[in-house]
Structure formats: C-alpha cells, structure tokens
Asks: 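Sending over a structure as structure tokens; questions will come in a sec.
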Amino acid sequence: MKLENGQNLQDHLKVFVELFEELAIIGDAMEEEERVIILLSSLPDRFSTLVTALEAHEKIPTCNCSDKCIGYLDADWAGDRSDRKSTSGYCFTLSNSVITWRSVKQSCVALSTAEAEYVALAGAAQEAIWLKQLLDDLEFKTGGPMVVNEDNQSAICLAQNPKYHGRSKHIDIKFHYVRDLVRKKEIDLVYCPSNDMLADIFTKGLSAEKFSRLRSKLGVVSFEKHIQCEKEC
C-alpha cells in the first residue's frame, strides 16, 4: 500500500487516533451496531496504512532488543530524615521495555549503604522469581537465571560470599533469601555502574540531565512532543 500524496506520518497517526476516539464515544452498541461494524471493518486498512507510513519514515528498524528479563535495583541510604530509613527501588525490563517497577520505604533501619542495598536486593529478588514463574506459565522461556543489576559491590559480595557472615549476621534472616537464590543460580547478580542504573530514578532526587536521561531509557516520553520533534527533523 502506497502513501497518498500530501500525507505524512503525523496525518496517519492523527487519523488512527480519531478512529479510536470514535469507537470510544459510541453510546449504545446495539443502536449503533451498523456504525460499529463499519468502523471495525476499517481497522485493518487503517492499521496497514499506519505501518506503511512508519516504514516509509524508517521508524521500524531491525530490533536488537534482548528477550531476557533484566532487573535493576537501587537504594537511598537513610534518606528519610525523620527515622533514617532507606528507600528501595527496582524495575524489570523485557525486550528493552519496562514491565514492572516499585519504589518503597524499607521497614528497618540499615546501618550502612551495603545493608540498605542488600535489603533492596531481597525485594527485587522476590519480584524476579515471581516474574520468572509468570513468564514460564506464559511459555516465555527466560533461558537461565534472572539477571539483576546492582551498583553496590559490597551488597553483591554479601549475597555471593558466606565469609561475610560476621558482618551480616545482624541482618534479618529473611533478607538472606537472596543468598539462597544466588547459590541455587535462580538469579545472577551483575555489577552496573551507578551512572547507568535505571532504578536511581525511583529512590532519590536527581539532576535534570540525569532524570531526563533515565526517564527516556525507561520509555517514558510525551507522544505529542515526540511527533513534534519528528516533524521538525
């Protein structure tokens, strides 16, 4: 299907959005049955036209996305000035799209940054196992342990090295759930530089530049602004 003369990408997107708006404002489906059928029957052609427009503007590149489910986690140590409790934050991506995220205040007071990160890691590990089971139920094979990115080397050592027992025995037993998952190779802890840690945005205030960069990596963008930028380019 060829693009009609005088039509650009924005025209096609506008028509496509208007089509769904028409479907949304229909009141009684029984009384408007004929209109609904006409609108629905036009969807394939309209969608095909939209895809053709996107292809013509080179907006459907070859996908190099990873099919692995990857986690990112971070903690803001003693960020609450009233009780000095830390904040945990994590997110998980699948094919470079965020599918789950959370930001929550920790229930205990951490005595170090490593401990705060370790507690955050426990929450992220539970989410990782739940996602792994969900993806398996959907017959989406994750292929090995779930990768979880952590920007604190000490927290990684606590999870991987039992010799740190003397320094971590005061940490609640439930948080050592992480160590058990690492031993069973259910999760794989990978060091991630703080500058590339997506979960930073869930735990602390950031500079405008870093906030905008991480927000874009999470896929949070303004549709109108994106279309306007494409038009100007």
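Basis for what follows: all heavy atoms, side chains included, without hydrogens, waters or symmetry-related copies. The residues of the chain are indexed from 1 along the displayed sequence.
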Asks: Shortest non-hydrogen contact from Ala155 to Ala114?
Replies: CB-O, 3.9 Å

Asks: Let me confirm one number: the CZ-CD distance from Arg179 to Gln160, rounded to the nearest 0.5 Å.
Replies: 10.5 Å

Asks: Give the minimum heavy-atom separation between Val109 and Asp83, together with the two atoms involved.
Replies: CG2-O, 3.8 Å

Asks: Does any non-hydrogen side-chain atom of Arg213 lie less than 4.5 Å from one of Asn195?
Replies: yes

Asks: Looking only at heavy atoms, which two atoms of Val119 and Cys108 are closest? And how far apart?
Replies: CG2-SG, 4.3 Å

Asks: With rounding to the nearest 0.5 angstrom, report the CD1 to SG distance, Ile201 to Cys91.
Replies: 9.5 Å

Asks: So which atom in Asp200 and which in Ser194 form the shortest heavy-atom distance, rounded to 0.1 Å?
Replies: OD2-O, 3.4 Å

Asks: Any link between Phe140 and Ile129 through a network of hydrophobic side chains (Ile, Leu, Val, Met, Phe, Trp, Tyr) touching at under 4.5 Å?
Replies: yes

Asks: Kindly indicate whether the side chain of Val178, heavy atoms from C-beta on, has any atom under 4.5 Å from the side chain of Leu158.
Replies: no

Asks: Write down the atom of Leu135, the atom of Cys69, and the distance for their closest heavy-atom approach.
Replies: CD1-CB, 4.0 Å

Asks: Does Thr93 reach the main-chain N or O of Val98 with its side chain, forming a donor-acceptor pair under 3.5 Å?
Replies: no

Asks: Distance-only, no hydrogens or angles: does the Lys217 side chain make a donor-acceptor pair with backbone N or O of Asn96 under 3.5 Å?
Replies: no

Asks: To the nearest 0.5 Å, what is the distance between CD (Glu127) and CG (Leu131)?
Replies: 5.0 Å

Asks: Do the non-hydrogen side-chain atoms of Asn152 and Trp77 ever get within less than 4.5 Å of each other?
Replies: no

Asks: Tell me every residue that passes ring-ring contact (aromatic ring centres under 6.0 Å, His included) with Tyr90, counting only those two or more places apart in sequence or in another chain.
Replies: Phe92

Asks: Let me check something: do Leu73 and Tyr191 share a hydrophobic cluster, defined by ILVMFWY side-chain heavy atoms less than 4.5 Å apart, either directly or through other members?
Replies: yes

Asks: Can you measure from CG (Leu189) to CG (Leu121) and round to the nearest 0.5 angstrom?
Replies: 5.5 Å

Asks: What is the distance from atom CG of Asp74 to atom CD of Glu117, rounded to the nearest 0.5 Å?
Replies: 5.0 Å

Asks: State, with a plain yes or no, whether a side-chain heavy atom of Met197 is found less than 4.5 Å away from one of Asn149.
Replies: yes

Asks: Atom CD1 in Ile99, atom CG in Leu134: separation rounded to 0.5 Å?
Replies: 8.0 Å

Asks: Kindly write out the residues that satisfy side chain to side chain donor-acceptor pair (under 3.5 Å) with Ser97, not counting sequence neighbours, or none if the list is empty.
Replies: none

Asks: Tell me, please, which residues at least two apart from Glu139 pass side-chain contact (heavy atoms from CB on, under 4.5 Å).
Replies: none

Asks: If two hydrophobic side chains count as joined below 4.5 Å and joins carry through other members, does Trp130 share a cluster with Met146?
Replies: yes

Asks: Under the 3.5 angstrom rule, does the side chain of Gln106 hit a backbone N or O of Ala116 as a donor-acceptor pair?
Replies: yes

Asks: Any idea which heavy atoms bring Pro193 and Asp151 closest together, and the distance?
Replies: C-CB, 4.4 Å

Asks: Is it the case that atom CZ in Arg102 sees more than 12 heavy atoms from other parts of the structure closer than 6.0 Å?
Replies: no

Asks: Are Phe202 and Val104 connected in the hydrophobic side-chain network, where two residues link if heavy atoms are under 4.5 Å apart?
Replies: no

